[in-house]
Number of protein chains: 2
Amino acid sequence: MNIGHASAETGLPVKTIRYYEDIGLVSADRAANGYRDFDAPQIARLRLLAQARLMGFSLEECRALLALEADPTRHSRDVRDLAEQNLISVREKIANLQALEARLTDLISKCHGDEAPDCAILDGLSTSASTAR
Amino acid sequence: MNIGHASAETGLPVKTIRYYEDIGLVSADRAANGYRDFDAPQIARLRLLAQARLMGFSLEECRALLALEADPTRHSRDVRDLAEQNLISVREKIANLQALEARLTDLISKCHGDEAPDCAILDGLSTSASTAR
DNA sequence: CTTTACCCTCCAGCTGGTGGAGGGTTTATA
DNA sequence: TATAAACCCTCCACCAGCTGGAGGGTAAAG
């Protein structure tokens, strides 16, 4: 299967697939004309990559997932550990963004948003922190 | 005020301040020995940068904020528009991460997490999407 | 037989910095 | 007064995770 088909099959951009091969996440045979040729197992790896990236796994975590996937003696505990790590960092990001949202909402509510130059947002951003507490 | 003091004053790393000068977000005079010398208005700009970055504004948005801050004829509406844009993208990020959290939690709950190799997480990541719907 | 749509490699750039090499300066201490 | 620690400087390279483009070869369609 050439790279265009692999792209259509997995939803990954052609450029991204080449990049993944570059950094050793997948491998591809070469046809006589130099075109990449992906077999079924490699397509499966690409699919796993596409899904895992959507799920917020970093490329290094994806590398670990692929290694586990390829290892028939794996323990599902190891996979779950990776996923739980990822879940923790997702939750941290959510918490940070929610704190941000609250502060931003607060600042915005205090700004008149009219033709006048005075602005509570600029004032709030100019103070040396401490506004948040 | 030299860069070390500016750093202590604003909480920004020295390297970051140099970077901000590099890309034209602040400017600094030079002392006879070549050291940067920040005056009060530039320190104020750095402080605004530090706060705005914490609030999730991109450096280009910070540039716009600084331009508004420096313009006595500004309309507070323009500042608020920027902040609202930012708020929208923060909310989008939160929504995406929450969807992610739900999917991850679901996958994790289905994985035994034991010594056996079969794993619902790997299975879930191997299907060509559609699991989420 | 040409056009279009592929494919290839390699290099550069994006955001927002950070780390280090290799140097000069200033301040504190022995 | 020597010297060491703590500053400061510039410049170059690197991180993630791609993406765009230049400059070229190849394959399928009309």
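All chains are named by letter (A, B, ...) in the order of the sequence lines, taking the proteins before the strands, and each is independently numbered beginning at 1.
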A/Arg18 side-chain N/O to D/dG20 phosphate OP1/OP2 under 4.0 Å: no

So which one's nearest nucleotide on DNA chain C is more toward 5', B/Thr16 or A/His5? A/His5

Please compare B/Asn33 and A/Gly4 by the position of their nearest nucleotide in DNA chain C and report the one closer to 5'. A/Gly4

Kindly say if A/Tyr20 contacts the phosphate of D/dG17, meaning a side-chain N or O under 4.0 Å from OP1 or OP2. no

Let me know the distance between CD of A/Glu21 and C1' of C/dC8, rounded to the nearest Å. 11 Å

Examine D/dA16: is either OP1 or OP2 under 4.0 Å from a nitrogen or oxygen in the side chain of A/Ser58? Give yes or no. no

Between CD of B/Glu69 and CG of A/Asp123, what distance do you get to the nearest 0.5 Å? 9.0 Å

If you take atom types as modelled and just measure distance, does the side chain of B/Lys15 reach the base of C/dG16 with a donor-acceptor pair under 3.5 Å? no

Picking from D/dT10, C/dG17, D/dG17, the nucleotide nearest the side-chain atoms of B/Arg53 would be C/dG17

N/O (side chain, B/Arg63) to phosphate O (OP1/OP2, C/dT15) under 4.0 Å: no

Distance, rounded to the nearest Å, where A/Leu49 contributes CG and D/dG17 contributes P: 12 Å

Of all the choices, C/dC7, C/dG16, C/dT18, which nucleotide is nearest to the side chain of A/Tyr35 once you look at every atom? C/dC7

Taking OP1 and OP2 of D/dC9, is either one under 4.0 Å from a side-chain nitrogen or oxygen of B/Arg36? yes

What is the distance, rounded to the nearest whole Å, between atom CG of A/Asn2 and atom C1' of D/dA28? 12 Å

Give A/Ile3 one of three labels, base, sugar-phosphate or nothing, depending on what nucleic acid heavy atoms sit under 4.0 Å from its own. sugar-phosphate

Taking the side chain as every heavy atom from C-beta outward, state whether B/Asp118 and B/His112 have any pair of such atoms under 4.5 Å apart. yes

